[in-house]
Amino acid sequence: MNNRQENLINMQELADYLGIKVSTLYNWVHTRQVPFLKVGRLTKFKPSEIEKWLEGKKVPERPI
């Protein structure tokens, strides 16, 4: 394994980070709206992939 491997986060940690309910995150996972990994029966998230996903959700600024 690589020493630079990032730690995976769980549903509760990501929901807290995003400021959403865990039930909303479960729905996003079920409808495959958010990138996730399955580790056995557990659903995990790679923080770097979440950051890329969030960048893709960014709304451009309006010109003044």
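Position 1 is the first residue of the sequence; numbering continues from there.
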Atom of [X], atom of [Y] and distance for their closest heavy-atom approach:
| X | Y | result |
| --- | --- | --- |
| E51 | Y17 | OE2-OH, 2.6 Å |
| W53 | Q33 | NE1-O, 2.8 Å |
| P35 | I50 | O-CD1, 3.7 Å |

If we ignore hydrogens and angles and just use 3.5 Å, is the side chain of T31 paired with the main-chain N or O of N27 as donor and acceptor?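 Side chain of T31 to backbone of N27: a pair is present.
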
L37 and F45, any side-chain heavy atoms less than 4.5 Å apart: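 F45 does not reach L37 side chain to side chain.
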
Could you tell me whether K21 atom NZ has more than 12 heavy atoms of other residues or ligands within 6.0 Å of it?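 Result for NZ/K21: open.
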
Hey, could you give me the CD1/NZ distance between I9 and K46, rounded to the nearest 0.5 Å?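 One gets 12.5 Å once the value is rounded to the nearest 0.5 Å.
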
Kindly compute the distance separating CG (L14) from NZ (K44), expressed to the nearest 0.5 Å.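 Output value for this atom pair is 11.5 Å.
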
Steps toward side-chain contact (heavy atoms from CB on, under 4.5 Å) verdict (W28, L18): CA-CA 12 Å; W28 290 357; L18 296 175; 4.1 Å; yes

Below 4.0 angstrom, N of the basic side chain to O of the carboxylate: do K52 and E49 qualify?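 A salt bridge is absent here (no side-chain N lies under 4.0 Å from a carboxylate O).
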
For T43, run the side chain to side chain contact (heavy atoms under 4.5 Å, CB included) check against N10, L25, L8, V29 and tell me which one passes.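 Answer to the side chain to side chain contact (heavy atoms under 4.5 Å, CB included) test with T43 among N10, L25, L8, V29: V29.
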
